[in-house]
Amino acid sequence: MNWSPWQPLGPSFVFTPDLLAETLDGGQAFRWNFDSDGDYWQGVWSTHVARIRHMDNGQLQVATPADSPETVQHLSAYLGQNVDWRAMLDALPWRSDSHLANCLKSLPGLRLLQQSFPETLLAFLCSATKQIPQIKVMCQRLAENLGSEIAPGIQALPTWQQVASASESQLRSLALGFRAKNIKKTADQLASRPELLAEIEAAPYPEAKAQLMELPGVGEKIADCALLFGAAKFEAFPVDTWIIKVLEKRYGLTGWTPTQLSQFGRIHFGPYAGFAQQFLFAWERRQKSPTRA
DNA sequence: AGGCAGGTGGCCA
DNA sequence: TGGCCACCTGCC
């Protein structure tokens with residue numbers, strides 16, 4: 001494929017290599033890969049593909065397929081250019097929560113990607129009891145086998161309609177394992193109600209979450225991930241094993257159920273609880289594996 | 001070599 | 001409600 005020349009993405013995007021890795025490949029999205037020869041990230045989201053690298057001054061450069069210059073604008077939106085992260089940070093309770101303050105300080109500039117709701121739901125339906133590298137394999141195989149080609153040799157994640165066209169055994173052959181059954185059932189439901197996801201996305205958080213959880217395989221955690229990462233509902237507070245560890249160890253909440261922890265998160269961290277969650281999650285995860293590409 | 005991983009749903013008291 | 005367990009698959 002022909003790629004455009006590298007061009008600056010603008011002064012509002014300042015990243016260290018570490019921060020860029022955490023943002024693109026830290027568990028929000030699963031379709032970004034680092035090319036160590038070219039020293040850039042290449043990723044696919046919605047129907048777009050791009051490459052990102054950082055300059056010495058911390059600003060980013062982007063390359064797009066030569067025939068898709070509009071990708072730059074889509075990328076800016078995807079990276080949250082239109083979100084007031086500074087105001088959200090300031091509204092978090094770091095003044096009275098020293099652990100949160102440490103987490104914020106350890107990864108300044110961390111953002112939430114602004115992803116498509118349907119594909120975020122699909123990716124997180126793959127995530128149950130899987131680690132990031134394996135979730136990426138599942139997404140890649142879904143795209144290769146069921147998704148539309150958006151550039152030579154590059155496929156988007158399948159739409160739910162496309163997922164519904166596959167059989168459960170086909171989905172199992174894509175390494176989805178026991179998740180295939182629920183993904184197939186959810187795909188069938190969504191295919192029969194094409195407007196449902198848009199309605200959920202437009203609903204307030206509590207209603208949206210309740211409706212999502214009626215889909216097979218969608219419990220509290222996956223619903224919160226889809227709403228936080230795919231629908232910009234920043235009060236969603238996904239509680240996974242990492243967050244359980246943090247809240248036990250640093251907040252003394254031993255013996256709490258995930259539902260209780262999720263409620264605690266929204267009360268303690270406020271309307272942008274999910275933003276705080278991302279810092280806590282990154283911090284805890286990095287305690288275990290401090291070095292990343 | 002076996003347990004365990006960014007969960008969920010079903011079954012039992 | 002609350003606890004326990006099966007469930008695919010791959011990696012330590």
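Within every chain, numbering begins at 1; the chains are lettered A, B, ... in the order of the sequence lines, protein sequences first and strands thereafter.
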Hey, is A:E119 close enough to A:R31 for a salt bridge, meaning N to O under 4.0 Å?
no
Which listed nucleotide (C:dC11, B:dG6, C:dC8) is nearest to the side chain of A:R172?
C:dC8
Residues of residues 216-245 of chain A with a heavy atom under 4.0 Å from any atom of DNA chain C, listed by number, are none
Look at A:E284 together with A:K249 and state whether they make a salt bridge at an N to O cut-off of under 4.0 Å.
yes
Tell me whether A:D97 is salt-bridged to A:R250, with the criterion being a basic N under 4.0 Å from an acidic carboxylate O.
no
Pair A:R285 + A:E22: basic N to acidic O under 4.0 Å:
yes
From C:dC8, C:dG2, B:dG6, pick the nucleotide closest to the side chain of A:F281?
B:dG6
When the P atoms of C:dA6 and B:dG3 are considered, how many whole Å apart are they?
12 Å
Got a sec, which residues hit side-chain contact (heavy atoms from CB on, under 4.5 Å) with A:R51, two or more places apart in sequence or on another chain?
A:W3, A:W6, A:Y40, A:Q42, A:A63
Looking only at atom P, what distance separates C:dC8 and B:dC11, rounded to whole Å?
16 Å
Determine whether the aromatic ring centres of residues A:F30 and A:F124 are separated by less than 6.0 angstrom.
yes
What residues, two or more places apart in sequence or in another chain, satisfy side-chain contact (heavy atoms from CB on, under 4.5 Å) together with A:S98?
none
Check this for me: A:K181, atom NZ, are more than 12 non-hydrogen atoms of other residues, nucleotides or ligands nearer than 6.0 Å?
no
Take the protein atom NZ of A:K181 and the nucleotide atom C1' of C:dC8, then report the distance between them rounded to whole Å.
13 Å
Would you tell me if any nitrogen or oxygen in the side chain of A:R179 comes within less than 4.0 Å of OP1 or OP2 on C:dC7?
no
Geometric class of the A:Y251/A:F264 ring pair [parallel <30°, tilted 30-60°, perpendicular >60°]
perpendicular
Under 4.0 Å, heavy atom to any atom of DNA chain B: which of residues 157-167 of chain A qualify?
none
Pairwise P distance for B:dC4 and C:dC4, with rounding to whole Å:
15 Å
Kindly express the pairing pattern of DNA chain B in dot-bracket notation, using | wherever a base pairs with another strand and counting only Watson-Crick or G-U pairs under 3.5 Å.
.||||.|||||||
Which part of the nucleic acid, if any, lies within contact of A:L125, taking any heavy atom under 4.0 Å across all strands shown: a base, the sugar-phosphate backbone alone, or nothing?
nothing
Quick check, does A:F178 stack with C:dC7? I mean ring centres under 5.5 Å and planes off by under 30°.
yes
Round to a whole Å and report the spacing from CE of A:M138 to C1' of B:dG7.
12 Å
Hits for ring-ring contact (aromatic ring centres under 6.0 Å, His included) against A:W45, two or more places apart or cross-chain, chain-then-number order -> A:W32, A:H48, A:Y78
From CD1 of A:I135 over to P of C:dG10, roughly how many Å is that when rounded to an integer?
14 Å
Under 4.0 Å between a side-chain N or O of A:Q131 and OP1 or OP2 of B:dG6?
yes
Atom CG of A:D84 with >12 non-hydrogen neighbours under 6.0 angstrom
yes
